[in-house]
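So you know, we letter chains A, B, ... as the sequences are listed, proteins then strands, and number each from 1.
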Amino acid sequence: MKASQFYISTVKEAPRDAELISHKLMIRAGFIKRLASGIYSWMPLGLKILRKIEKIVREEMNNANALEILMPAIQPAELWQESERWEFYGKELLRIKDRHQRDFCFGPTHEEVTLDIIRKDIKSYKQLPITLYQIQTKFRDEVRPRFGVMRAREFIMKDAYSFHTNHESLIETYNKIYQAYSNIFTRLGLKFRAVAADTGAIGGTGSHEFQVLTDSGEDIIAYSDSSNYAANIELATYLKKNATRTQSTKEKEKIATPNQKTCFEVAKMVNAPLSNTVKSLVYDGVNNQPVLVLIRGDHELNEIKIGKIAQLKQPLTFSTHSTIEQYFKCSPGFIGPVDFKGIIIADNDVSIMSDFICGANIDGFHYINVNFGRDCPEPTIIADIRNVIEGDPSPDGNGTLKLCRGIEVGHVFQLRTKYSTPMNLTYLDQNGKSQLMEMGCYGIGVSRIIAAAIEQNNDEKGIIFPVNMAPFELIITSINYSKSTLVKTKSDELYIKLKNLNIDVLLDDRDERIGSLLADSELLGIPFRIVIGEKFLANNQVEFYNRKISASKLINLNDIVNIASELINLEKK
RNA sequence: CGGGGUGUAGCGCAGUCUGGUUAGCGCACUUGAUUUGGGAUCAAGGGGUCGUGAGUUCGAAUCCCACCACCCCGACCA
């Protein structure tokens with residue numbers, strides 16, 4: 001490709017609303033153009049990157065015996081009503097009506113459609129297992145799209161669905177796809193980690209996320225410093241301490257805290273550690289009675305964990321101020337377990353506390369030296385309902401937990417019969433008996449991978465792409481291409497030779513000053529660069545530059561093709 | 001949905017408080033000249049319903065009202 005005949009639209013300044021480095025660089029490099037909030041066009045350079053990622057994804061999926069199909073983006077409401085997700089999926093589902101006022105949606109995921117294909121076609125155990133996948137545009141009407149293609153509403157996803165006669169078969173395919181995902185992200189040159197995860201709106205049992213590790217990630221991952229335990233903080237647990245409650249020696253005491261509503265403020269006022277305070281939260285219970293949830297002042301409640309407790313209303317709902325005031329006769333900043341008559345859910349760590357500090361259920365007052373059993377009822381339920389923190393013992397007993405951030409680029413689920421049951425997905429077994437199929441699903445955020453890769457690989461000059469996803473593998477930057485016949489001739493020769501070796505090369509023949517040509521090549525993140533100009537050609541030499549290590553050396557013109565192609569092929573592996 | 005903010009040329013911004021000639025600057029773009037191994041210089045030029053609508057006024061980018069879009073924080077969601 002010659003730059004003069006290509007579409008390169010780099011800019012020096014990123015738009016004001018771009019926050020994240022990957023977003024800024026993708027805009028500056030001209031990979032994407034925003035059309036509306038969370039909706040982007042892919043320009044030629046950006047699309048080339050997408051296609052390269054898709055190629056690797058296809059190769060690995062095909063290797064894992066998955067078959068590519070392409071399903072409609074628009075789906076009829078009936079299917080979603082059948083799986084009961086028409087209501088459950090919420091506002092993220094973009095609903096549309098056709099001219100006959102029939103309901104449709106723009107597919108955010110394709111469990112229903114794939115299942116419908118399989119149930120109409122696959123009747124026998126002999127045809128199973130089978131895995132289908134597609135690479136397609138999805139739409140999820142995110143509450144707050146942000147960070148460019150990182151959290152876009154319209155995005156490209158590889159989604160795969162597998163169908164099985166039993167759980168063992170599902171696990172086998174699950175592991176195969178898990179391995180394929182590891183291969184994909186390794187080949188793409190990403191630093192990533194597979195972590196145990198919650199299943200969210202997709203549902204099912206076992207689930208792992210593939211997280212690209214970077215400080216700008218939206219997810220928090222907990223991992224053991226000395227074992228391979230790793231989980232999303234939504235799910236991460238810790239090894240419960242064997243501690244018991246110490247005997248109280250002090251009497252409960254009411255103290256005035258007129259303006260202190262948070263644990264932090266109260267602890268500061270009475271000069272006690274934050275870990276001596278108890279945070280009281282109120283959620284609606286199944287019978288609409290408020291349920292009191294207790295958590296240590298220095299801990300954070302985990303809504304995924306608490307959402308799994310049966311005594312709470314689904315979906316989890318914070319009680320309103322008026323409900324709280326009606327039951328506790330005080331405002332939310334001063335509630336506590338003393339004299340509370342309903343269900344109390346206490347975190348493990350709260351249940352072993354004594355002489356703690358909590359709200360007095362009287363506006364402007366807190367109690368100190370409160371004890372379960374003596375001053376307030378014992379908790380009805382004791383459970384792990386908090387987020388793990390750094391230093392918690394790893395749940396497998398090996399080492400302590402550390403936290404880091406990540407970007408979710410892949411997610412694998414064992415759906416089991418979550419969809420098979422409501423949608424009646426069955427096959428005939430050896431005995432001619434009808435049985436429910438087991439199902440798995442597997443997603444990769446293809447467009448998000450580009451943003452994640454850039455977050456991980458950039459410097460002050462711009463992007464540093466791994467060879468396998470770079471828009472071009474090599475750029476020839478020609479100095480005075482249009483003015484010097486020598487430069488033009490040698491550049492063209494070099495370009496043809498490299499192209500014949502199947503190297504994805506861009507010849508930058510644009511009539512610009514050298515500074516802007518070099519700056520562009522670095523911004524775009526092209527891994528290797530050959531600079532060709534009259535000065536070094538006088539010695540039959542060119543300059544060879546490696547973007548990743550930001551170093552260059554002079555190489556004889558006769559050797560450059562071999563050296564460059566060997567290096568590129570080495571990196572591509 | 002709650003809180004905060006921003007809309008002026010493709011991008012980044014000034015001008016708005018205190019209404020008053022032809023709405024300005026940098027980058028980008030066009031033409032010419034001089035330059036040419038790190039985003040050049042000079043000269044000339046093109047490009048604007050000042051987010052939209054309604055109002056106040058002799059006069060509105062500027063003041064008032066409504067609406068829209070976008071961004072940030074939170075809630076929410078994967």
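Checked against side-chain contact (heavy atoms from CB on, under 4.5 Å), K535(A) has no partners two or more places apart in sequence or in another chain. The salt bridge (Lys or Arg N to Asp or Glu O under 4.0 Å) test applied to D17(A) returns no partner, not counting sequence neighbours. Evaluation of the salt bridge (Lys or Arg N to Asp or Glu O under 4.0 Å) rule for K97(A) yields D103(A) as partners, not counting sequence neighbours. Take E325(A) and apply the salt bridge (Lys or Arg N to Asp or Glu O under 4.0 Å) test, not counting sequence neighbours, and it matches no residue. Taking the side-chain contact (heavy atoms from CB on, under 4.5 Å) definition, one finds that S182(A) meets it with Y178(A), Q179(A), F192(A), F210(A), sequence neighbours left out. A search for salt bridge (Lys or Arg N to Asp or Glu O under 4.0 Å) contacts involving K461(A) returns nothing, not counting sequence neighbours.
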Do any side-chain atoms of residues 293-306 of chain A form donor-acceptor pairs under 3.5 angstrom with protein atoms, and if so which ones, sequence neighbours left out?
unit_1	atom_1	unit_2	atom_2	d
R296(A)	NE	D298(A)	OD1	2.9
R296(A)	NH2	D298(A)	OD2	3.0
R296(A)	NH2	H299(A)	NE2	3.4
H299(A)	ND1	R386(A)	NE	3.4
E300(A)	OE1	N387(A)	ND2	3.2
N302(A)	OD1	I304(A)	N	2.9
N302(A)	OD1	K305(A)	N	2.8
N302(A)	ND2	I233(A)	O	3.1
N302(A)	ND2	E234(A)	O	3.1
N302(A)	ND2	N387(A)	OD1	2.9
E303(A)	OE2	Y283(A)	OH	2.7
K305(A)	NZ	A236(A)	O	2.7
K305(A)	NZ	D384(A)	OD1	3.2
K305(A)	NZ	D384(A)	OD2	2.9
K305(A)	NZ	R386(A)	O	2.7

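Closest approach to the K535(A) side chain among C70(B), C72(B), G37(B) is made by G37(B) (side chain taken as heavy atoms from C-beta onward). Listed candidates were G37(B), C71(B), A78(B). Nearest to the side chain of R151(A) is A78(B). Side chain of R144(A), nearest nucleotide from A75(B), G37(B), C73(B): C73(B). The side chain of R140(A) lies closest to A78(B) when the candidates are G37(B), A78(B), C70(B). Comparing C72(B), G12(B), U36(B) against the side chain of K483(A) picks out U36(B) as the nearest.
Remark: D219(A) in residues 210-222 of chain A come within less than 4.0 Å of RNA chain B through at least one heavy atom. Contacts of residues 507-516 of chain A with RNA chain B (heavy atom under 4.0 Å): R513(A), I514(A), G515(A), S516(A). Of the residues in residues 525-532 of chain A, those lying under 4.0 Å from RNA chain B by heavy-atom distance are R529(A), V531(A).
Between the side chain of S491(A) and the main chain of V487(A), a donor-acceptor pair closer than 3.5 Å is present. Judged by distance alone, with hydrogens and angles left aside, the side-chain atoms of T477(A) form no donor-acceptor pair with the main-chain N or O of L518(A) at under 3.5 Å. Between the side chain of R547(A) and the backbone N or O of P527(A), no donor-acceptor pair lies under 3.5 Å. Using a distance-only test at 3.5 Å, with no hydrogens or angles considered, a donor-acceptor pair links the side chain of Y161(A) to the main chain of H110(A).
In this structure, K12(A) atom NZ and G26(B) atom P are separated by 13 Å, rounded to whole Å. At whole-Å resolution of the value, CD in E19(A) and P in G4(B) are 19 Å apart. Atom CZ of R547(A) and atom P of G38(B) are 17 Å apart (whole Å). If you take CG of D459(A) and C1' of G38(B), they are 15 Å apart, rounded to a whole angstrom. Here A75(B) presents its C1' atom at 12 Å from NZ of K91(A), a figure rounded to the nearest Å. Distance CD1 (I27(A)) to P (C71(B)): 11 Å, rounded to an integer number of Å. The CD atom of E13(A) sits 7 Å away from the C1' atom of C11(B) (whole-angstrom rounding). The separation between E142(A) atom CD and C1(B) atom P is 17 Å, rounded to whole Å.
One finds no side-chain N or O of R146(A) lying less than 4.0 angstrom from the OP1 or OP2 phosphate oxygen of C71(B). A sub-4.0 Å separation between OP1 or OP2 of A69(B) and a side-chain N or O of S37(A) is absent.
Within the nucleic acid shown, R34(A) comes within 4.0 Å of sugar-phosphate atoms alone, with no base atom in reach, counting heavy atoms only. A14(A) comes within 4.0 angstrom of the backbone, heavy atoms only, and of no base. Across all strands shown, E209(A) has no heavy atoms under 4.0 Å from either base or sugar-phosphate atoms. Counting any heavy atom pair closer than 4.0 Å across all strands shown, V11(A) reaches no nucleic acid atom.
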* In B/S/- notation, 5' to 3', how is nucleotides 46-51 of chain B contacted by protein heavy atoms closer than 4.0 Å? -> ------
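E534(A) contributes no side-chain N or O that forms a donor-acceptor pair with the base of G37(B) under 3.5 Å.
As the counterpart of G59(B), no nucleotide is assigned, since no Watson-Crick or G-U wobble pattern has both distances under 3.5 Å. Remark: C25(B) base-pairs with G12(B). Criterion, Watson-Crick or G-U wobble with two distances under 3.5 Å. The partner of G47(B) cannot be assigned: no Watson-Crick or G-U wobble pair with both contacts below 3.5 Å exists in any strand. Base pairing of A54(B) is not made with any nucleotide, judged by Watson-Crick or G-U wobble geometry with both donor-acceptor distances under 3.5 Å. Base pairing annotation: G74(B) forms a Watson-Crick or G-U wobble pair with C1(B), both donor-acceptor distances under 3.5 Å.
Taking the six-membered ring where the residue is Trp, the centroids of Y181(A) and Y442(A) are separated by 6.0 Å or more. Taking the six-membered ring wherever Trp is involved, the centroid distance between the rings of F6(A) and F472(A) falls below 6.0 Å.
In this structure, E234(A) and L517(A) both approach RNA chain B, and ranking their closest nucleotides by distance from the 5' end singles out L517(A). Remark on RNA chain B: of its neighbouring residues P15(A) and K461(A), the 5'-side contact belongs to P15(A), judged by nearest-heavy-atom nucleotide.
Using modelled atom types and a 3.5 Å distance limit, the side chains of D159(A) and Q134(A) yield a donor-acceptor pair. Side chain to side chain, S482(A) and D511(A) meet the donor-acceptor criterion of an N or O pair below 3.5 Å.
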* Asked: Is there a side-chain hydrogen bond (donor to acceptor under 3.5 Å, both in side chains) between E209(A) and S207(A) once you walk through the steps?
  -> CA-CA 7 Å; E209(A) 289 169 347; S207(A) 164; over 6 Å; no
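Taking the charged nitrogens against the carboxylate oxygens, K158(A) and E54(A) have no contact shorter than 4.0 Å, which rules out a salt bridge.
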Would you list the protein and nucleotides 5-8 of chain B atom pairs, both N or O, that sit under 3.5 Å from each other?
unit_1	atom_1	unit_2	atom_2	d
U6(B)	O2'	R16(A)	NH1	3.4
U6(B)	O2'	R16(A)	NH2	2.9

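Partner of S22(A) under the side chain to side chain donor-acceptor pair (under 3.5 Å) criterion, chosen from R448(A), E455(A), Q456(A): E455(A).
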